[in-house]
Each structure stands twice: as C-alpha cells, then as structure tokens.
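Below is one structure; the comments refer to it alone.
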Amino acid sequence: MSSDISKSVTPADFIREIVAQHVAENKYSRIVTRFPPEPNGYLHIGHAKSICLNFGIAREFGGTCNLRMDDTNPAKEDVEYVESIKADVHWLIQDWAEQQLGLNASGQPFYASDYFEALHGFAVDLIKKGKAYVCDLSPADTDAYRGAPDRPGRNSPWRDRSVDENLDLFSKMRAGAFPDGACSLRAKIDMASPNVWLRDPLLYRIRHVAHHHTGSAWCIYPLYDFAHCLSDYLEGITHSICTLEFEVHRPLYDWILENLDLPKTLPRQYEFAKLIPSHTIVSKRKLISMVQEGIVSGWDDPRLPTLSGIRRRGITPNALRSFATKVGVTKYISLTDIAVYEHAIRDDLNAIALRRLAVLRPLKVVITNYPEDRVEEFEAVNNPEKPQAGKRLIPFSRELFIERDDFEETPPPKFFRLKPGGEVRLKYAFIIKCDEVIKDSNGVVTELRCTADLDSRTGGVTSGRKIKGTIHWVSARHAIQAEARLYDRLFTEAEPEKDGRDFRTVLNPSSLEIVTALCEPSLLSTAAAERYQFERLGYFVLDRDTTPNKLVFNRCITLKDTWSKVKP
RNA sequence: UGCCCGAUGGUGUAACGGUAGCACAACAGACUCUGAAUCUGUUUGUCAUGGUUCAAAUCCAUGUCGGGCAACCA
C-alpha cells in the first residue's frame with residue numbers, strides 16, 4: 001500500500017515529462033543527469049531543489065547523476081568549498097539516491113578541470129575548422145565591439161586570422177607567452193546575432209593563477225559556455241538541467257557541440273525556475289556579508305539557508321527533500337512561502353521525534369499537599385505517533401517548574417492554562433489547583449502554591465475529569481540544565497530585499513534567543529542523531545557545541561502555535 | 001527601444017480541447033493528558049481583449065504585466 005502512495009506522489013513536472021517521453025522512445029540507453037556546482041561557496045536550500053531534481057530523475061528513471069565541480073575559474077574557487085559541497089550532497093542523498101551518485105574512476109566527484117586537456121583538444125578542433133580564433137582585443141574593447149542587445153556588434157579586427165596563425169597563437173597562449181588579458185580564444189559565430197551570447201563568445205582566457213585542482217598545469221582556462229556543454233558530453237549526460245538564467249545560453253551550448261562533429265549522442269539543456277524562499281536570503285554575496293559582519297555566527301549558523309546551517313539546525317534530509325518535491329518544477333519565477341518548508345519540517349519531525357518534558361522559562365510551583373520527601377515516577381510515552389518508540393519514567397516531587405507562559409494572574413478569555421483558583425492537568429501526573437500566588441517586591445510572580453488532586457494521576461479514579469488545559473513540567477529536584485538556542489526567521493519581511501531595500505533594515509531582532517532550559521533527567525542520555533520534541537514547545541536537536549558538562553540544544557522549529565495568534 | 005521566457009485563489013502547483021483539483025496559509029468545528037497531531041467543513045483563482053470551436057486555463061492574434069540576457073563569472 002505504501003508503494004501505491006509513493007507512486008501517487010511521484011512528482012510529474014515538465015522536465016520529468018520530457019525524460020519520460022525519451023525513456024518511452026528509447027532515445028538514450030540510460031538517463032544521466034548531473035549536479036554541477038562551482039566550488040566557490042556553500043550550497044544552500046536552492047541547490048537542494050536542484051539536487052533533488054537531478055538525483056530524483058536519476059532515481060525514478062534508473063539512471064545516474066554525476067556530482068561535478070564546475071571549476072573553470074581558479075580565481076574564485078577553493079578546496080574548502082569542494083569539501084563542503086561533497087559533505088552537503090552526501091548528507092542530502094544518503095539513504096535516498098546514493099546508488100545513483102555517479103563518481104569518476106577514482107571514486108571521486110567529477111571535475112570540469114579534469115577535462116582541461118580534452119577541452120583544449122576540442123578548442124584546437126574548432127580552430128582547425130575555422131570556427132574559433134585568437135583575438136587580441138582588450139577586455140574593454142571586446143566589450144565595446146559586442147554592441148548592445150538592441151544594437152549589433154562589430155567584427156573583431158582579428159577575426160580573419162588564418163588557421164595556422166590561430167593555432168600558433170593558441171599554443172603560445174597555453175605555453176604562457178602572454179600576460180593575463182592580452183588575448184583570448186573566441187568562437188566565430190555572428191557579431192550581429194540578436195542573442196548577444198552568440199556574438200563571438202570567449203572560449204578561453206589567460207589566467208596565470210594556480211588552480212585548486214590542477215595546480216599550475218595551466219595558464220589558460222575555458223569559460224563556462226565552452227566547458228559546460230563539453231563536460232556534459234564527455235560524461236554522457238543526457239539531460240543537462242539548469243536554471244532559467246541560462247536559457248539564452250542554450251543556442252551557444254548547442255552551437256559548440258554541433259560544430260565539433262562529435263560521434264556520441266549530444267546532451268540537451270533544459271531550464272527551470274530556481275527556488276526563491278520567502279523570509280530569507282540565498283545570494284552568495286549577501287550570505288558572505290552576513291557571516292563577515294557577524295550577523296550570523298558562520299556558514300553553518302542554524303538560521304542560515306545553507307545546507308550546513310540547515311543540517312546543524314536539525315532539519316532532516318527527508319524533510320528537505322519533501323519540501324523540494326512539494327514546491328514543484330516550472331518555468332514560472334515565484335516566491336515560495338517559507339511556511340511550506342516549515343510544514344515539511346514539522347511533518348517529518350512529528351513522525352520521528354522523541355517526546356520529552358522541558359521548561360524554557362521556569363516558574364516554581366510547590367504542591368503543598370505532596371510530602372516533601374516523596375518521589376514518584378510516572379510513565380510517559382516517547383512518541384504517540386509511533387508506539388514502538390516505547391515509554392520512559394519521569395520523576396515527580398513536591399517542587400516543580402512549569403512554563404511561565406502557562407500561568408496568568410489575569411488571564412485573557414479562553415485562557416485554559418493555570419490561573420488563580422483554577423485547575424490544570426500536569427501531563428502524565430496530577431491535576432493541580434492554584435491556591436496562592438507569591439510575588440517579589442516588584443510584583444513579579446515568583447512561586448505558585450498549588451494542591452494536587454492525588455487521585456487524578458494517569459489511571460487514577462479522578463483522572464478522567466474534564467480539564468481543559470494540560471501543561472508540561474519538570475521536577476525541580478531532578479531537572480537537568482541545558483542551553484536552548486531558540487531560532488526564528490532571520491528576516492521580518494517575506495522579501496528582505498524587495499525594491500532594493502537593504503536586508504539589514506529588516507533583520508529579525510529575535511532570530512536567536514538563548515535560554516537555560518530545565519529538562520527531565522532522561523535527557524541526560526541524548527543521542528546526537530536523535531530529534532526531540534519538547535512537548536508544547538517545539539523540536540530540538542543536540543548542537544555540536546555540546547560538551548560533557550553542558551548540553552546545548554538547537555530548536556529546529558516550534559510547534560504550530562494557534563494560541564499565540566488568538567491571545568490578545 | 002533587440003532577443004528569449006513566463007502569467008491559474010493570499011502562496012505554490014495540477015488539469016495536455018470536455019466537471020478548475022491538490023498542498024501550504026487563513027477561518028470554523030470535532031477530538032485531544034501536547035491550544036500539537038488527527039478529522040470535518042468554509043473562504044478565495046484561470047492577466048486583458050478579440051478569434052477558432054458544440055466546447056478554451058488549454059489553440060491563435062494583439063495587448064498588459066513580470067523576469068532573463070550585453071563578465072576575459074558560473
């Protein structure tokens with residue numbers, strides 16, 4: 001039955017329809033996609049959509065998906081990013097599409113830079129066909145000669161060099177005879193094309209820079225348009241799926257492949273709209289400023305939409321994938337409400353999280369009719385959604401802590417927690433009644449003195465009494481302390497940068513709150529991989545800052561909170 | 001004022017010439033030892049104007065609005 005369900009939710013989008021069509025026609029012997037990030041930054045939630053699309057297609061159609069470092073610009077790239085990309089991709093596809101992951105002969109990701117020799121050969125082929133030439137125009141002149149979208153460009157004065165001269169010059173470029181920018185290799189297409197990308201685009205530029213993967217082997221580096229289509233070709237990619245901004249590059253992608261007389265089937269490019277989540281920022285540059293300005297603590301700050309931040313926040317790969325699937329794949333540029341993401345997280349965590357009692361903002365409660373030296377242990381279920389998760393025991397004693405929010409001296413209408421003279425049920429324990437409110441000299445409530453209906457504990461004779469409110473609690477004597485980091489959206493506005501606004505002006509001042517929580521003692525033995533639901537408060541995961549002496553929890557997300565919206 | 005792409009409730013997405021559906025959000029109710037979850041229900045939509053057709057969200061035309069493209073970035 002579950003397979004029926006999974007079939008019915010199999011996403012059908014226009015790209016999958018195309019692939020399905022190709023599979024039906026037997027157009028390719030095997031479907032091969034790729035995920036090709038440039039290692040110049042950290043992966044984020046937008047990349048997750050692309051990963052899920054590419055690996056998802058490979059998975060659904062029995063193909064593979066190559067992880068490829070699109071590393072053709074040594075000036076911007078670094079192994080630090082290569083390593084983080086590998087870790088992030090692994091995290092997201094483990095136990096889901098690991099089998100689809102295509103790696104090179106040494107079990108490593110593919111690197112565009114591994115094709116530099118082959119790419120160079122293709123460039124020489126193009127020159128020999130009279131379809132590429134070495135141009136001596138400076139970068140500024142190249143720009144001027146290109147014209148504008150509504151105005152044709154002019155031919156470079158170097159456009160008609162002979163094949164032999166071009167071959168000679170290109171080999172000198174490779175040999176390091178020229179400084180950066182002195183000349184470039186260009187495709188000879190059409191300087192009057194309405195598509196500016198077809199106006200003799202650059203294929204190679206000179207960069208006397210060491211490359212993180214190829215070291216100092218090269219001083220000329222291919223540009224994206226030349227390297228990408230051919231890397232796809234070399235790897236046997238069938239469907240090269242990228243975002244919308246590359247749509248106008250597609251004619252160039254095809255031109256290069258089609259003008260090389262290549263023997264194998266050519267890859268085709270397809271474009272989709274990238275993910276734009278509300279209430280966050282995904283731009284690499286802005287992410288860097290937030291890290292550098294200390295707005296967040298680092299690339300893995302749990303408030304960030306980076307995959308490392310998302311992972312540290314405790315969001316599971318399953319939840320992220322579910323979200324990526326829900327948002328769909330189209331060519332319509334849209335703003336995706338972050339609530340969809342939050343729902344996917346809650347949905348996932350609700351099913352797997354172990355329930356625990358913990359108090360974030362404690363208020364002392366004394367049960368005056370409960371003996372001082374007495375301790376009872378009450379049974380509590382670990383997960384009502386999953387009975388096999390078992391039960392545990394929670395100690396109860398005369399002095400407790402409850403959540404400050406769960407008491408109101410002058411309660412608003414429909415408040416069904418604790419109030420003077422009112423009753424509330426302590427989850428898994430007794431129904432208590434508030435007899436007395438004790439305040440300090442400032443009028444701040446410091447303690448509640450209550451009496452318990454001692455027959456009302458779970459299973460007891462009066463346990464069935466209708467009590468509207470049930471609250472969580474911990475035994476003061478047994479509670480353990482933990483740091484709880486409470487996260488909220490980083491921005492107060494759906495579109496932080498709407499109309500050119502500076503995102504710094506719409507930062508959420510309470511995107512991080514740190515409190516010392518009091519937790520039930522079973523939380524002493526926590527597992528890093530485990531997710532917990534602190535009942536009525538939200539989902540939590542152990543942070544890596546935890547030490548043997550100090551527990552640190554990250555709140556992944558709150559529970560849906562209807563009351564806070566109702567309350568005046 | 002060039003070329004390319006797009007437009008379905010508040011948001012995202014489906015319907016492939018034949019009953020506008022799903023999810024999120026919102027609201028109301030049921031249930032509840034989590035104001036969660038679950039269940040039930042409600043509100044809200046085909047950018048505009050023409051055309052083709054027995055029939056148009058879907059095809060055509062025009063317009064409007066939005067986006068992308070002029071790095072020796074990807």
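Lettering follows sequence order; numbering is per chain, from 1. As a basis for the values below, the full set of heavy atoms in this structure was taken, side chains included, without hydrogen atoms, waters or symmetry mates.
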Does the side chain of K419(A) reach to within under 4.5 Å of the side chain of E408(A), using non-hydrogen atoms? no
With a 4.0 Å limit, can you tell me whether T72(A) has a side-chain N or O closer than that to the phosphate oxygens OP1/OP2 of C73(B)? no
N/O (side chain, R186(A)) to phosphate O (OP1/OP2, C72(B)) under 4.0 Å: no
Spacing of N73(A) atom CG relative to C73(B) atom P, expressed in whole Å: 6 Å
Syn or anti for A20(B) (syn when the glycosidic angle lies within 90° of 0): anti
Watson-Crick or G-U wobble mate for C27(B), both contacts under 3.5 Å: G41(B)
Heavy-atom nearest pair, G538(A) first then F540(A), reads O-CD1, 3.5 Å
Within 45° cone and under 6.0 Å: R356(A) NZ/CZ vs F534(A) ring: no
From CH2 of W197(A) across to P of A70(B) the rounded distance in Å is 5 Å
Look at all strands and tell whether K565(A) reaches a base, only sugar-phosphate, or nothing, counting heavy atoms closer than 4.0 Å. sugar-phosphate
Taking the P atom in each of A56(B) and C47(B), what is the distance between them to the nearest angstrom? 15 Å
For nucleotides 28-38 of chain B, give me one character per nucleotide, 5' to 3': B if any protein heavy atom sits under 4.0 Å from the base, S if the only such contacts are to the sugar-phosphate, - if neither. ----BBBBSS-
Without decimals, in angstroms, what is the distance between D150(A) CG and C3(B) P? 10 Å
When rounded to the nearest Å, what value does the distance between P atoms of C27(B) and A61(B) take? 45 Å
Mind checking the C1' distance from C24(B) to G9(B)? Whole angstroms is fine. 12 Å
Could you check which nucleotide pairs with U62(B) in any of the strands shown, counting Watson-Crick or G-U wobble with both distances under 3.5 Å? A48(B)
If you only use heavy atoms from C-beta on, which nucleotide in G2(B), C69(B), A70(B) is closest to the side chain of P194(A)? G2(B)
Pair assignment for A55(B), Watson-Crick or G-U wobble, requiring both distances under 3.5 Å: none
Integer-rounded Å distance: C4(B) C1' and L198(A) CG: 12 Å
Could you give the distance separating U46(B) and G21(B) at their C1' atoms, to the nearest angstrom? 13 Å
Determine which nucleotide pairs with G17(B), using a 3.5 Å limit on both distances of a Watson-Crick or G-U wobble pair. none
Is there a donor-acceptor pair under 3.5 Å between the side chain of N54(A) and the backbone N or O of T33(A)? no
Determine, for nucleotides 10-15 of chain B in 5'-to-3' order, which nucleotides have protein heavy atoms under 4.0 Å from the base (write B), from only the sugar-phosphate (write S), or from neither (write -). -SSSSS
For R146(A) and C73(B), what is the distance between atoms CZ and C1' respectively, to the nearest whole Å? 12 Å
Nearest whole Å is fine: how far is A74(B) P from I85(A) CD1? 14 Å
I want to check something: taking the side chain as every heavy atom from C-beta on, are H212(A) and V79(A) in contact at a cut-off of under 4.5 Å? yes
Report which part of the nucleic acid D143(A) touches: base, sugar-phosphate, or nothing (heavy-atom distance under 4.0 Å, all strands). sugar-phosphate
Counting Watson-Crick and G-U wobble pairs only, both distances under 3.5 Å, name the nucleotide matched with U8(B), or none. none
Of the candidate nucleotides A74(B), A70(B), C4(B), which contains the atom at the shortest distance from the side chain of F246(A)? A74(B)
Decide yes or no for P412(A) and V566(A): does some side-chain heavy atom of the first lie under 4.5 Å from some side-chain heavy atom of the second? no
Would you check if Y233(A) and I256(A) make a side-chain contact, meaning some heavy-atom pair closer than 4.5 Å? no
Applying the 3.5 Å cut-off to both distances, the Watson-Crick or G-U partner of U32(B) turns out to be none
V248(A), nearest nucleotide to its side chain (from G68(B), A25(B), C73(B)): G68(B)
Taking the side chain as everything from C-beta on, heavy atoms only, tell me whether H228(A) gets closer than 4.5 Å to Q269(A). no
If the threshold is 4.0 Å, N to carboxylate O, is there a salt bridge linking K427(A) and E535(A)? yes
Within this structure, what is the CG-to-P distance between L203(A) and C73(B), rounded to whole angstrom? 13 Å
Under the ring-ring contact (aromatic ring centres under 6.0 Å, His included) rule, what pairs show up with a residue in residues 189-211 of chain A, not counting sequence neighbours? F116(A)-H211(A), F170(A)-Y204(A), W197(A)-H249(A), Y204(A)-F226(A), H211(A)-Y221(A)
Might you work through the ring-ring contact (aromatic ring centres under 6.0 Å, His included) test for F378(A) and Y428(A), ending with a clear yes or no? CA-CA 6 Å; F378(A) 296 146; Y428(A) 303 123; 9.0 Å; no
Pairing check on A74(B): which nucleotide meets the Watson-Crick or G-U wobble criteria with it, both distances under 3.5 Å? none
